[in-house]
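What's counted below: heavy atoms across the whole structure, side chains too, no hydrogens, waters or symmetry copies. The chains referred to below are lettered A, B, ... by the order of the sequence lines, with proteins before strands, and numbering in each begins at 1.
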Amino acid sequence: MNIKDKDVIIPCIMCNESKPLSTHWADITADRIIRERGEKDTYVCASGITPSGTVHIGNFREIISVELVVRALKQRGKKVRFIYSWDDYDVFRKVPQNMPKQELLETFLRKPITLVPDVLGDEASYAAHNEKSLEKILPVVGIEPEYLYQAERYRASKYAAGIRIALDHRDVIRGELDAHRTTPLAEDWYPVSVFCTNCDRDTTKVTAWDGEFGISYICDSCGNSETVDLRNTPAVKLPWRIDWPMRWSVEGVDFEPAGKDHHSEGGSFDTAKLTGKEVFDFNPPVTFQYDFVRIKGGSGKISSSSGEVVSLADVLRFYQPEVVRYLFAGTRPNSEFAISFDLDVLKVYEDYDKVERSYFNKPENPKKLKKWEKDARIYELSQVGGVPEALPFQIQIRHLTTLLQIHSGDIDAVIAYLGDVPEADLDGFRVRAVCAWNWVNDFAPEDFRFALRKPEDGKSALDVNLAAAVGALGILAADKLGDIPEKEFSNLMYNVIHEHELESGEFFTAVYQALIGKDKGPRLLSFLHVLGKDVVSGLLGAY
RNA sequence: GGGCCGCUAGCUCAGUAGGUAGAGCAACGCCCUUUUAAGGCGUGGGUCAAAGGUUCGAAUCCUUUGCGGCUCACCA
């Protein structure tokens, strides 16, 4: 396969002339789409899912993967239609564990999810609730596809022609599916599924097809039997493996990735490819396989039907939008990666900041340039909007967590303390600060957390000599802290330690006790400076 | 059973138009009387899972094997 591609490329003049835009996977895919689908006016890139539960961060991987490719195509001057399909005419098969009103939901099993009530809010349906909660948050990370609601389309009989084609090719399709099934489909199988018009359940059996648009069925649940016309009934839809290629042909999809569960041999992409070609006369889209996203510390694959669901909204509570994009843009789609909520969060922010600084500092050295180009492309793709013109204000995430804790989470107080956050970067700063504060409260290790004591809390119980030393530091701070270089203050502080004949360790512990009521804390010297003369002398002066 | 992915320094991983093996952390050494995974400078460290093949040249391409993981063979 690859060899064939090379044979085609090597004689190509363009490829000798112009280098690819980059070797980032989104660019490689965009180039492949143009190459394989030919020069077109508009390219259709598709993604979609069944909203049968909370849309989780693993599902998001598909969406952002498509969006990154869409961007790459647009940057090549192409027009792109980015569609996101809500497969909300699928059956409600199982009640997710994380949903309330389990008993109520159970009564809706086997009905289309678009007819299941919203137990979490007041949307029109269970499906709509899951749809809206994602649609509301996607723009935050710069993603705004065109949504297609399949229930609406099926129920309006928009796919009558496609269903008819499937029926016409019933035997071909059965052969394609049987090739990978353990138990072959029955002789009287039809490539459609029917929701009973009386009870809405799909517990039906097709009893006849008139060779045109008439489908007869009987419902096992309520006994209803009737004949419907594909051209005006909301009842009939195609099963997934046939539905997918039919919709490819309707929308003219040029690119659609899929998870590894679809991409195995005999999986749904595999059979859909065949059905697309042989039944719907449509050349299957360019694709790639993406792997799952794990949650660090979580128990394996995250799934909307398991209790533990991590949504995009959850991730955005701890990671600012650019960093979320960075996580996905910086990882090849077909390798698994974990989103961490532990100390790695700090590392991820530091990495992102490093890439950001690097972006605005292009190296001369050709060897370094290669790595720079890759990082720079990842940085570009990580931006929600455009790339900033100059290096934005940066604050080390660790420092930020310390500042926030000193100010009890008051972001405005931190901004005031810093004093030098540029107006233009204030919004971004606030977003990061909110994330950092959420992280400190929800996930930071105990050692990491502290709360400043207040004078009215009284004194910590300290040995007499230690208390005297702490008091002396308080006096020293009142006199000099912030007025002289950190280094000089450090020397004076050690003088205090020696005068009281203390080990530095026990002294440090005592100071932390007096300041935050713990044995350890942020690196003391800089911590004292950040706290400032008044706070330090206020707390230590009591000793 | 089929398919896909991975196996690179002690650890976590970068590293595809094939061209002298990289980073971070850890380790070791030196410096700073300074500890939420402090800071600075420096050093060592890899038969790129194994074996074959293609090539002037392979971590990179092909084949086989081993180990690990995921996935399909219900539904979507």
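- Geometrically, A/R170 engages A/Y190 in a cation-pi contact defined by less than 6.0 Å to the ring centre and at most 45° from the axis.
- Comparing A/H263 and A/R398 against RNA chain B, the residue whose closest nucleotide sits nearer the 5' end is A/H263.
- A/R432 contributes atom CZ, which lies 7.5 Å from atom CG of A/L400 (distance to the nearest 0.5 angstrom).
- Across the protein-nucleic acid pair, A/K347 atom NZ and B/C11 atom P stand 17 Å apart, rounded to whole Å.
- Close to B/G6, at under 4.0 Å from its OP1 or OP2, lies no side-chain N or O of A/S335.
- For the pair A/H24 NE2 and B/G15 P, the computed distance is 10 Å after rounding to whole Å.
- A/E336 places its CD atom 14 Å from the C1' atom of B/C13, with the value rounded to the nearest Å.
- To the nearest angstrom, C1' of B/A73 lies 12 Å from CG of A/D270.
- Checking B/C75, B/A38, B/G3 against the side-chain heavy atoms of A/R523 singles out B/A38 as nearest.
- Taking atom C1' in both B/C62 and B/C70, one finds a spacing of 25 Å when rounded to whole Å.
- A/L525 comes within 4.0 angstrom of a base, heavy atoms only.
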Evaluation steps, side-chain contact (heavy atoms from CB on, under 4.5 Å), between A/I516 and A/L452:
CA-CA 5 Å; A/I516 58 176; A/L452 211 53; 4.0 Å; yes

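- Residue-level contact check: A/T402 touches the bases, meaning some heavy atom is under 4.0 Å from a base atom.
- Comparing B/C74, B/A76, B/C70 against the side chain of A/F292 picks out B/C70 as the nearest.
- With P as the reference atom, B/C28 and B/G15 are 30 Å apart, rounded to whole Å.
- Distance CG (A/D88) to P (B/A76): 15 Å, rounded to an integer number of Å.
- When Watson-Crick and G-U wobble pairs are counted only if both distances are under 3.5 Å, B/C30 pairs with B/G40.
- If you take OH of A/Y494 and C1' of B/U33, they are 6 Å apart, rounded to a whole angstrom.
- Nearest nucleotide to the side chain of A/D261, out of B/U34, B/A73, B/U71: B/U71.
- Remark: B/C25 base-pairs with B/G10. Criterion, Watson-Crick or G-U wobble with two distances under 3.5 Å.
- As judged by a 4.0 angstrom heavy-atom cut-off over every strand, A/S504 is placed among the base-contacting residues.
- Picking from B/U35, B/G69, B/A76 the nucleotide with the shortest atom distance to the side chain of A/K520 gives B/U35.
- Comparing B/C56 with B/C13, their C1' atoms sit 32 Å apart, to the nearest whole Å.
- In this structure, the CZ atom of A/R294 is 17 Å from the P atom of B/C5, given to the nearest Å.
- In this structure, A/W86 and A/Y84 have perpendicular ring planes: the angle between them is above 60°, well past the 30° mark.
- Between A/R332 and B/C13 there is no side-chain N or O to OP1 or OP2 distance below 4.0 Å.
- With both pairing distances under 3.5 Å, B/A59 is matched to nothing as a Watson-Crick or G-U wobble pair.
- The interatomic distance linking A/L185 (CG) with B/C75 (C1') rounds to 13 Å, in whole Å.
- A 3.5 Å limit on both hydrogen-bonding distances identifies no Watson-Crick or G-U partner for B/G46.
- Side chain of A/R181, nearest nucleotide from B/U16, B/C74, B/A76: B/C74.
- A/F489 has its ring centre less than 6.0 Å from the ring centre of A/H529.
- B/U33 has A/H498 stacked on its base ring, the centres lying under 5.5 angstrom apart and the planes within 30 degrees of parallel.
- Base pairing of B/C4 is made with B/G69, judged by Watson-Crick or G-U wobble geometry with both donor-acceptor distances under 3.5 Å.
- Comparing the P positions of B/G57 and B/G46 gives a spacing of 25 Å, expressed to the nearest Å.
- Distances from the side chain of A/S268 to the nucleotides B/A76, B/G69, B/G2 place B/A76 closest.
- For A/H498, the side chain to side chain contact (heavy atoms under 4.5 Å, CB included) test picks out A/Y494, with sequence neighbours left out.
- Comparing the C1' positions of B/G40 and B/U34 gives an interatomic distance of 13 Å, to the nearest angstrom.
- For the C1' atom pair drawn from B/A9 and B/G44, the interatomic distance equals 11 Å after rounding to whole Å.
- Of the candidate nucleotides B/G2, B/U34, B/A76, B/A76 has the atom lying nearest to any side-chain atom of A/H262.
- Residue A/G259 is classed as having no contact, given no heavy-atom separation below 4.0 Å to the nucleic acid.
- For A/R241, a side-chain nitrogen or oxygen approaches OP1 or OP2 of B/A73 to under 4.0 Å.
- Ring centers of A/F448 and A/W439: under 6.0 Å apart, within the cut-off.
- Separation of the C1' atoms belonging to B/A27 and B/G45 is 9 Å when rounded to the nearest angstrom.
- Nucleotides B/A23 and B/A14, compared at atom P, are 16 Å apart to the nearest Å.
- Aromatic ring centres of A/Y379 and A/Y359 lie closer together than 6.0 Å.
- Which of B/A37, B/A76, B/C5 sits closest to the side chain of A/L343 comes down to B/A37.
- The nucleotide B/U54 finds no pairing partner, because no Watson-Crick or G-U wobble arrangement with both distances shorter than 3.5 Å includes it.
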